Trainee: 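Shown below is the structure under consideration.
Bear in mind that the values here come from a model prediction, so they are computed numbers and not experimental data.
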Amino acid sequence: MNVIHKIALDLAQNNYIEIEVAKGSENTIVLQFFFLESGKKYDMSEVGAVSFKAITPDQSIVFNDTSKVQENGSVLYAISERIMETPGRTTCTLQLIGSKGEVVSSFEFYIRVKAQLFDENDYISEDDLQGFRAYMIRAENAAEACEALKQLLNVTYGGIEDLIGDLSDQKLEYEEFLEDLKERIANGEFNGPRGEPGKDGADAIVTEGTGIMAFQIIGADLYCYYFGDQPNVIINTDGDLIATM
C-alpha cells in the first residue's frame with residue numbers, strides 16, 4: 001500500500017517544486033521522479049545510479065539511494081522515516097551518477113511534512129494503537145464480506161427478505177413433518193412383526209463368586225471354566241453338583 005507522487009525534475013532549469021506529505025504515514029509515501037532537460041525527456045540510458053540527499057528542518061543530513069532506473073526512465077524513492085518524523089520543510093537534491101563516474105545534480109526541491117492534528121502515541125499506548133488499527137481493518141473486511149453476501153443473495157434470491165421468507169416456509173414445513181412423524185411412531189406404524197425365536201445355546205450354568213466360573217455339559221461330561229482361584233466344586237454320589245463359596 002503506497003501513495004505515489006509523480007514529479008518532473010528539469011535538470012537544466014530551476015523549477016520550484018514542493019511536495020506536501022502528512023506526518024504519521026509510515027513506509028508508504030513514494031516519490032517517482034521523471035527527468036527532463038529544458039522541457040524534453042532526459043536520456044537516462046547511461047545513468048547507473050541515483051543518489052538522494054537532504055537536509056531536514058533540524059539540520060540533520062540524510063543520504064539514501066533510490067530505486068534502479070525504471071524502463072520508462074523514472075526512479076522511485078520511498079521517503080525515509082527520518083524525514084517523515086520531522087515536521088517542516090526538508091531541502092532535497094538528486095544526483096545522477098553515470099557509468100563512467102560523471103555526476104549530474106538536480107536543483108533543490110522540497111518535501112514539507114505537515115504536522116498531525118495530534119499524535120496518537122501521546123494519548124494511547126503502541127499496543128492499543130496497533131490493536132485499534134487491526135480492528136479497523138477487520139471491521140472493513142467484515143463490511144466488505146457482508147456487502148458481497150448481500151449482493152449474492154440479491155442475485156440468487158431477489159433479496160434478503162425473499163430468502164428470510166423461504167427459510168421461514170421451510171422451517172414451518174419441517175416442523176409439520178416432524179410432528180406427523182412423531183404421531184406415526186406413537187401409533188406403532190413402524191413396528192414390524194415379531195421375528196422367529198433364536199436358536200437355544202448349549203446347556204450351561206453361570207454363577208459369580210470369587211472370580212468367575214461357568215459350567216457346560218458336553219456329551220456325558222461336565223466342564224467347569226473359571227477365572228481366578230480354583231472353585232470348590234464337587235459332584236456327590238447322588239449326582240448333585242455342589243459349589244461351596
Side-chain angles (χ1 to χ4, degrees), residues 1-122 126 129-130 132-134 136-141 143-145 147-148 151:
M1 184 180 70
N2 291 325
V3 177
I4 298 178
H5 296 260
K6 295 183 178 181
I7 303 164
L9 281 182
D10 197 317
L11 301 174
Q13 54 190 9
N14 187 4
N15 296 323
Y16 181 86
I17 297 175
E18 182 169 301
I19 305 104
E20 285 193 346
V21 295
K23 182 178 183 295
S25 300
E26 298 178 7
N27 304 318
T28 56
I29 306 301
V30 177
L31 306 182
Q32 184 175 19
F33 294 98
F34 296 87
F35 299 94
L36 304 174
E37 182 180 4
S38 299
K40 297 181 180 180
K41 185 176 180 180
Y42 184 76
D43 183 9
M44 297 287 289
S45 61
E46 295 186 1
V47 176
V50 180
S51 178
F52 176 90
K53 303 179 186 300
I55 300 177
T56 63
D58 60 3
Q59 302 303 302
S60 296
I61 298 176
V62 177
F63 292 96
N64 294 119
D65 291 328
T66 66
S67 69
K68 294 182 179 179
V69 178
Q70 309 294 303
E71 291 184 1
N72 60 4
S74 67
V75 296
L76 302 174
Y77 169 69
I79 300 179
S80 67
E81 182 179 351
R82 182 67 189 87
I83 294 176
M84 291 299 301
E85 69 185 7
T86 309
R89 192 172 77 165
T90 294
T91 303
C92 312
T93 61
L94 288 178
Q95 286 189 336
L96 282 61
I97 303 170
S99 56
K100 298 179 181 179
E102 62 270 40
V103 176
V104 176
S105 293
S106 73
F107 289 95
E108 295 176 350
F109 60 94
Y110 307 94
I111 299 175
R112 182 178 293 277
V113 179
K114 303 285 287 187
Q116 292 176 292
L117 181 62
F118 65 90
D119 189 343
E120 298 116 320
N121 294 313
D122 292 339
E126 181 65 21
L129 178 59
Q130 294 297 329
F132 172 70
R133 289 173 175 169
M136 284 181 61
I137 295 173
R138 290 174 60 185
E140 288 288 342
N141 292 339
E144 291 178 2
E147 184 62 28
Q151 295 299 325

Trainee: Do S60 and T86 have side chains that get closer than 4.5 Å, going by heavy atoms?
Mentor: no
Trainee: Please identify which of these residues, L94, V104, L36, meets the side-chain contact (heavy atoms from CB on, under 4.5 Å) condition with L11.
Mentor: V104
Trainee: Closer than 3.5 angstrom, by distance alone: can the side chain of D43 be matched with the main-chain N or O of S45 as a donor-acceptor pair?
Mentor: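 Checking the backbone N and O of S45 against the side chain of D43, a donor-acceptor pair under 3.5 Å is found.
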Trainee: How far does CG of L76 sit from NZ of K6, to the nearest 0.5 angstrom?
Mentor: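 L76 atom CG to K6 atom NZ measures 10.0 Å (nearest 0.5 Å).
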Trainee: Is it the case that over 12 heavy atoms from other parts of the model lie below 6.0 angstrom from the CD1 atom of I97?
Mentor: yes
Trainee: Is it the case that more than 12 heavy atoms not belonging to E18 sit under 6.0 Å from its CD atom?
Mentor: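 Yes, enclosed.
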Trainee: If we ignore hydrogens and angles and just use 3.5 Å, is the side chain of Q70 paired with the main-chain N or O of K68 as donor and acceptor?
Mentor: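 Checked: pair present.
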Trainee: To the nearest 0.5 Å, what is the distance between CD1 on I111 and NE2 on H5?
Mentor: 9.5 Å
Trainee: Determine whether R82 and D58 make a side-chain contact, defined as any pair of heavy atoms from C-beta on separated by less than 4.5 Å.
Mentor: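 They are in contact (side-chain heavy atoms under 4.5 Å apart), so the answer is yes.
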Trainee: For S38 and A12, which heavy atoms make the closest approach, and how far apart are they?
Mentor: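 Scanning both residues completely, I find the closest heavy atoms to be OG-CB, 3.4 Å.
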Trainee: Keeping T66 on the side-chain end and V50 on the backbone end, is there a donor-acceptor pair under 3.5 Å?
Mentor: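 Flag set: sc T66 to bb V50 pair under 3.5 Å.
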Trainee: Does N64 use its side chain to pair, donor to acceptor, with the backbone of F52 at less than 3.5 Å?
Mentor: no
Trainee: So if I apply the side-chain contact (heavy atoms from CB on, under 4.5 Å) rule between V3 and each of V30, I29, I79, V21, which one comes out positive?
Mentor: I29
Trainee: Within this structure, what is the CG-CZ distance for the pair D10 and F35, rounded to the nearest 0.5 Å?
Mentor: 11.5 Å
Trainee: To the nearest 0.5 Å, how far apart are CG in N14 and CG in L9?
Mentor: 10.0 Å
Trainee: Taking all non-hydrogen atoms of both residues into account, name the closest pair between E85 and K23 and its distance.
Mentor: O-CE, 3.4 Å
Trainee: Measure the acute angle between the ring planes of Y110 and Y16, then classify it against the limits of 30° and 60° as parallel, tilted or perpendicular.
Mentor: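 Y110 and Y16: tilted rings.
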Trainee: Is the F33 to F109 ring centre distance short of 6.0 Å?
Mentor: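 Centroid separation for F33 and F109: below 6.0 Å.
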Trainee: Is it the case that T91 and E108 place a side-chain donor and acceptor less than 3.5 Å from each other?
Mentor: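 No.
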Trainee: Looking at OG1 of T56 and CZ of R89, how far apart are the two atoms once the value is rounded to the nearest 0.5 Å?
Mentor: 13.0 Å
Trainee: So, for V113 and M84, which heavy atoms are closest and what is the spacing to 0.1 Å?
Mentor: CG1-O, 3.5 Å
Trainee: So, taking the atom named OH in Y42 and the one named OG in S106, what distance separates them when rounded to the nearest 0.5 Å?
Mentor: 11.5 Å
